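Here the structure comes first, spelled out in C-alpha cells, and everything after it is commentary.
None of these values were measured; they are calculated from a predicted model.
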Amino acid sequence: MKVWINGKLVDKRSAKLSVWDHGTLYGDGVFEGIRVYNGKVFQAQAHIDRLYDSAKHIRLAIPYTKQEMTDCIYETLRANGQADAYVRLVVTRGEGYLGLNPFLCLRPNVFIITDQIKMYPQEMYDNGMAVIIAKTVRTSPQSLSPAVKSLNYLNNIMAKIEAIDAGVAEAIMLNEAGQIAECTGDNIFIVRDGVVITPPPEAGILIGITRGVVIKLAGKLGLTMKEQTVWPKDLYQAQECFLTGTAAEVIAVTKINDKPIGDGRVGGVTRKLLEAFRQYIRQGNW
Ligand code: PXG
C-alpha cells in the first residue's frame, strides 16, 4: 500500500515523520476522515473546506491549494487501486524544537492514507447500539473549539475509554453546561413526537459532514428538523436516538446507560433516514 507524504507516494513502511514534528510532540495539527464510495470522494468540498478552516483556526498554513489537496487524494486512491476506502488526510505543524512555539517549525507535513473502513458490526445497524453518557466533559469552545478537527483527540479518547470500560461502542459527551454535545466520533440526534432534533454548533460540537447531509435529507423527506439544546433528560424521553458520522453513516442508539430508548428497537424515522442516506450514496450526485 502506498501513502502520500509531502508530494510523494511511498511504500507504507517508508511513510515516516520526525519525532521532532509538533504533531507528534504536541498533537499540533489537523486532520480529516473521509469516505470514498464507488471511486468518488464523498462530500470532498465540505471535508476539504473543514480541513482548511481547522488549519486556519490554529494558524497553520497548508502548503497546497484545496484543488491540489483533492487531486492528491485521487492520486493516492489510484496508486492503491481503491474504489471504496477511508481517507485519512493529516496536516501537522511540522518539524521543530522541544518548545511550544509553533512558528519555529520548518514546514507543515502533509500525508494521506487510504485504507479500509472499519464500521460498527452489522448487528448494531439491525438492532441498534448501546451507549453511555461519559463523565469526561467535552472540551469547552473557549479552550479549543470542538469545531476544529485537531490532532489532539485526547478529550474524546478519554470518553472512548469510558465506553470501552462499560462494554459499549460509543459515549455521549456533555458540554460544561451539562447539555448533550456529541459522541467521541459521531454527532447525535433524537426524535421526539416526530421532530428530529440535534444539538446546535453552540453546544460545542464538531460540525459533522454526515450531520449536514442528514439534516438535508430530513428536509427532503418532509421531516421537521430542529437544531436545539438537548439535555440528558430529553434523551430518555425521546422515542428514537441515532448517531451520524463518516464511519458510522447513520446508526440507531437503543440503549443509554442501560435504559432503553423508546421501545428499545430501531425506530421508523431512523430507518427512513438510514435508507435515505444509503440511497443518496448510491445515487452518487454529491
Ligand atoms: N464528532 C466528532 C468528535 C468526530 O470526530 C464526528 C462528530 C462526525 O463528523 P463527520 O464529518 O465524520 O460526519 C466526528 C468524525 C474514526 C473516525 O476513525 C472518526 C470520525 C470520522 C472518521 C473516522 O473513528 N469522526
Show your reasoning for whether side-chain hydrogen bond (donor to acceptor under 3.5 Å, both in side chains) applies to K216 and Y280. CA-CA 11 Å; K216 198 171 91 178; Y280 182 72; 3.3 Å; yes

Carboxylate-amine/guanidinium contact R211 E227, below 4.0 Å: yes

R192/D234 ion pair, N-O < 4.0 Å: yes

State, without any angle test, whether T210 and E249 hold a side-chain donor-acceptor pair at a distance under 3.5 Å. no

Sub-3.5 Å donor-acceptor pair from the side chain of [X] to the main-chain atoms of [Y], do we have one?
{"X": "T70", "Y": "K66", "result": "yes"}
{"X": "H22", "Y": "Y97", "result": "yes"}
{"X": "R265", "Y": "T254", "result": "no"}
{"X": "N155", "Y": "V137", "result": "yes"}
{"X": "K149", "Y": "R50", "result": "no"}
{"X": "E170", "Y": "T184", "result": "yes"}

So do the side chains of [X] and [Y] get within less than 4.5 Å of each other, counting heavy atoms only?
{"X": "Q45", "Y": "D49", "result": "yes"}
{"X": "T76", "Y": "L9", "result": "yes"}
{"X": "T244", "Y": "F277", "result": "no"}

Which atoms form the tightest heavy-atom contact between I180 and A203, and what is the distance? O-CB, 3.9 Å

Locate the shortest heavy-atom distance separating N257 from I132; write the atom from each residue and the value. OD1-CA, 3.1 Å

Which value, rounded to the nearest 0.5 Å, describes the distance between F189 atom CZ and I215 atom CD1? 5.0 Å

